[in-house]
Amino acid sequence: MVQQATVQKTTELYRGKAKTVYHTSDADKLILHFRNDTSAFDGERIEQLARKGMVNNKFNFFIMQALEQAGIPTQVEALLSDDEVLVKKLDMIPVECVVRNFAAGSLVKRLGVEEGQALTPPTFELFLKNDALHDPMINESHAVSFGWASSEQLQQMKALTLRVNEVLSAMFDDAGMLLVDFKLEFGVFQGNIVLGDEFSPDGCRLWDKATRKKLDKDRFRQGLGGVVEAYEEVAQRLGVILD
Ligand code: TMP
């Protein structure tokens, strides 16, 4: 992960809810710009939270480096600035992989189970990335029949997601936190499945192990306040250098 000062940002490729993706002078590389925008309910509510872009960019870079060290291929190449990272250009698969270690969020709503119930073994779910349809849950058969991913790709995505869960559950546990659940997105680079998008408190649930205080985007979704302060606490506990 060496700084690649020669790659220049060119035109905007895509503006998502929290990140903007830019083309670069290298056709195989993109720049992700982490913005302060924070969205919930599929973009229905959006607010700017000061420092969030910087915190999530540095947090994501730290996590992706740890995953690379654990043998998981990621798109991350180099940290470029406070809120920008250089990444490989993947052909993204429009299927989100979610692992849950404890019941929360949509699982609690869907199945009427108690929030916080431990899930053994962890559950694995697929969702279609489609805000207009509110990211509906899908299964492997849908993904294959509609051509969103092949069986082999889905098998690799599941194995990598469960491995990410092992690595990160241990890391958060050591820092006094429970990794409740998280979402990953994958893409294809030169024929191989590679972890893309981001891993940050915007796309996972983290609770303090002792008090079960929420330290993730549920603070925003549920209007609990102290959103970026919680993200910074998570980063600080893991040893991410922010300033
Ligand atoms: P859920 O409980 O709303 O299904 O979400 C499970 C986890 O996945 C939670 O940590 C939030 C994350 N997630 C996203 O970040 N974006 C998404 O579009 C979805 C469906 C889940």
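For this chain, numbers begin at 1 and follow the sequence in order. As the structure lists them, so they are numbered: ligands from 1, and atoms in each ligand from 1. The figures here come from the full heavy-atom set of this structure, side chains too, leaving out hydrogens, waters and symmetry mates.
- The shortest contact between atom 20 (C) of ligand 1 and any protein heavy atom is with E96 OE1, 3.3 Å.
- For the pair K217 and S39, the tightest heavy-atom approach, listed with the atom from each and the gap, is NZ-O, 2.7 Å.
- Across every non-hydrogen atom of D208 and L215, the tightest pair is N-CD1, 3.9 Å.
- Nearest protein heavy-atom contact of atom 18 (O) of ligand 1 is D135 OD2, 2.6 Å.
- Distances between N or O atoms of S106 and those of ligand 1 include at least one value under 3.5 Å.
- Between the side chain of T38 and the backbone N or O of N36, at least one donor-acceptor pair lies under 3.5 Å.
- With hydrogens and angles disregarded, a donor-acceptor distance shorter than 3.5 Å links the side chain of N57 to the backbone of S81.
- Between D181 and ligand 1, an N or O atom pair is found at a separation short of 3.5 Å.
- Given atom 5 (O) of ligand 1, the protein heavy atom at minimum distance is R205 NH1, 3.7 Å.
- N139 meets the side chain to side chain contact (heavy atoms under 4.5 Å, CB included) test with S141, H142; sequence neighbours excluded.
- Those atoms of ligand 1 that come under 4.0 Å of a heavy atom in G105, given as number and element, are 2 (O).
- Proximity to R221 (heavy-atom distance under 4.0 Å) selects the following atoms of ligand 1: 11 (C).
- The ligand atoms of ligand 1 that sit less than 4.0 angstrom from a heavy atom of C204 are 10 (O).
- Closest protein heavy atom to atom 16 (N) of ligand 1: K183 CE, 3.4 Å.
- In this structure a side-chain-to-backbone donor-acceptor pair under 3.5 Å is present from R45 to F220.
- Every side chain to side chain contact (heavy atoms under 4.5 Å, CB included) that S151 has, sequence neighbours left out, goes to E140, V144.
- In R100, the part holding a heavy atom less than 4.0 Å from any atom of ligand 1 is the side chain.
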